[in-house]
Each structure stands twice: as C-alpha cells, then as structure tokens.
Amino acid sequence: MRITRLTRAELPVDTTELARFLIGKVVIRDLPEGRISGRIVETEAYLHGDAAAHSFIGETPRNRSLFGERGHAYVYVSYGIHRMLNVVGGSPGVGTGVLIRAAEPLEGIELMQARRGLSDVTDLARGPGKLAQAFEITLGLSDIDMTAEGPLWLGRIDRPAGEIGVSVRIGITKEADRPLRFYERGSKFVSGRKVLNI
DNA sequence: CGGCTGATGATCT
DNA sequence: GATCATCAGCCGG
C-alpha cells in the first residue's frame with residue numbers, strides 16, 4: 001500500500017475544513033511489531049470560542065498541546081478509561097482541534113484485533129475510544145507532529161473520500177446543535193446512531 | 001437494533 | 001466533589 005505523508009501546508013487552516021479534509025485520509029501508527037493504519041471515516045471539529053471544546057476554559061496542563069501547531073496530536077483521557085486522538089488545527093495559540101472518531105482498518109488488522117480482543121473488523125476502530133485502543137494511542141503521543149516522520153502520522157492513499165455527510169457532534173451537551181461532525185456516507189466503519197448517519 | 005447504566009480516573013475548582 | 005468529546009453489557013421489542 002502506497003501512503004504519502006501529509007504536509008502541514010496542505011492542512012486547511014480553518015478547523016471545520018480540516019475536519020472535512022481528513023475524511024478519506026489515513027492515520028498511521030508505526031510500532032516495533034509493525035504498522036497499523038486506517039482510513040479516517042469520521043471526525044468532529046472543536047472550534048475557538050466553542051463551549052464544547054477543551055480549549056474553552058483556557059490553557060491548562062491537560063490541554064496544552066491543543067494550543068500548539070496545526071497537525072500536531074492532542075491526546076487526552078476520557079471517562080478515566082478511553083484515550084481520544086485529535087489533530088490540532090488553526091494557528092498556534094488558538095486551541096482548536098479535530099477529534100478522529102472512526103477509521104476503516106487498512107494495515108495491521110491482526111495487531112488491532114489483539115489490542116481490542118475482538119475479531120470483527122468493522123468494530124475495531126468504530127468510535128474514538130475503540131480507535132485509540134486499536135492504534136495504541138497513549139498520552140505520550142500528545143503534542144507530536146503528525147506531519148513529520150515518527151510513531152504517529154497522517155497520510156493519503158490513492159482512494160478518494162466518498163460523499164461526506166454532516167451531523168451534530170456526539171456525546172456533548174454544550175453547543176450540541178452545531179453541524180461539526182463529518183463522516184463518509186455509507187461506510188460501515190462509522191460510529192453513532194443511525195439517524196446521524198444519513 | 002435501540003435504550004439504559006455502571007465503570008473509572010484524570011482534571012479542575 | 002463534580003464533570004466528562006465513551007464503551008461494553010444487559011435488557012426489551
């Protein structure tokens with residue numbers, strides 16, 4: 001499989017556009033055991049001045065990397081159990097990001113199955129917590145540059161994204177009506193309730 | 001399949 | 001001490 005690395009310059013500065021742009025792109029996790037990769041099929045944008053965004057309360061030790069450079073990773077722990085992978089958007093100091101919610105497994109499927117304790121390929125990375133478990137996303141990966149060579153990076157393959165659907169974001173209560181979730185229509189690898197995936 | 005709920009711990013006040 | 005950008009497991013239809 002031929003994967004070419006995304007450059008920072010080609011990532012849209014507008015974070016909503018970035019969330020849309022990342023659909024159909026590939027997230028790659030290089031481990032000593034081998035490569036895990038998946039095609040991104042679902043994202044959510046978290047914007048500046050957005051009460052649902054972690055950056056809304058200002059910079060803290062936890063969300064510091066969210067205020068970093070576009071294309072870097074922001075990883076945090078959700079509900080004490082799950083890690084969430086975000087791609088930092090915008091410009092340094094702003095605090096916007098794109099949550100990677102689901103991916104279609106491409107490479108390293110056996111590694112993912114082992115990490116997840118599950119064989120069903122459609123469920124390996126369908127949801128942000130599942131994706132992080134399958135891709136072995138750790139807090140130590142937070143702040144790394146995903147447009148540079150390293151253990152976690154972004155790429156493209158010769159397969160365009162399908163039609164992109166838009167819905168409200170999942171699992172939030174503040175600013176819950178904003179259409180900032182993007183997904184590939186018809187993909188079996190997208191999370192969320194059926195009504196959100198039309 | 002859809003709806004509900006407990007688990008679980010880092011983080012901030 | 002309250003709040004979570006979630007998930008697995010369980011239950012009813």
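Keep in mind that this is a model prediction, so the values were computed, not measured.
Across L47(A) and T96(A), no two heavy atoms sit closer than the pair C-CG2, 3.8 Å. Scanning both residues, F189(A) and V41(A), for their nearest heavy atoms gives O-CG2, 3.5 Å. Across all non-hydrogen atoms, the minimal contact from S55(A) to F67(A) is CB-CZ, 3.5 Å.
When rounded to the nearest whole Å, the span between CD of E42(A) and C1' of dT6(C) equals 12 Å. When the P atom of dT6(C) is taken as reference, atom CZ of R169(A) falls 11 Å away, rounded to whole Å. What separates CG of L118(A) from P of dA8(C) is a distance of 8 Å, to the nearest Å. With rounding to whole Å, R83(A) atom CZ is found 11 Å from dG9(B) atom P. Computed from coordinates, the L124(A) CG to dA8(C) P distance equals 11 Å when rounded to whole Å.
Proximity of L196(A) to Y183(A): side-chain heavy atoms (C-beta onward) are nowhere separated by under 4.5 Å. The shortest side-chain heavy-atom distance between H82(A) and Q133(A) does not fall under the 4.5 Å cut-off.
Put simply, NZ on K188(A) and CD on E184(A) are 11.5 Å apart, with the number rounded to the nearest 0.5 Å. Separating the CG atom in L66(A) from the CD atom in E59(A) is a distance of 9.0 Å, to the nearest 0.5 Å.
For the pair R169(A) and Y46(A), the cation sits on the ring face: its NZ or CZ lies under 6.0 Å from the ring centre, inside 45° of the axis.
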Go ahead and write out DNA chain B as dot-bracket, 5' to 3': ( ) for pairs within the strand, [ ] for ones crossing earlier pairs, | when the partner sits on another strand, dots for unpaired; Watson-Crick or G-U wobble, both distances under 3.5 Å. |||||||.||||.
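Cluster membership check: L22(A) shares its hydrophobic cluster with M146(A), using side-chain heavy-atom separations under 4.5 Å among Ile, Leu, Val, Met, Phe, Trp and Tyr.
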N/O contacts under 3.5 Å, protein versus nucleotides 1-3 of chain B?
none

Under the side-chain contact (heavy atoms from CB on, under 4.5 Å) criterion, do E107(A) and I36(A) qualify, and how do the steps go? CA-CA 5 Å; E107(A) 299 169 287; I36(A) 291 171; over 6 Å; no
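Less than 4.0 Å separates DNA chain B from at least one heavy atom of each of the following residues of residues 51-82 of chain A: T60(A), P61(A), R62(A), Y79(A), G80(A), I81(A).
In this structure, R116(A) reaches the sugar-phosphate backbone alone: every heavy-atom distance under 4.0 Å involves primed, P, OP1 or OP2 atoms, never a base.
Counting non-hydrogen atoms of neighbouring residues, nucleotides and ligands closer than 6.0 angstrom, the CD atom of E110(A) reaches no more than 12 such neighbours.
For the pair K130(A) and K174(A), both in contact range of DNA chain C, the more 5′-proximal nearest nucleotide belongs to K174(A).
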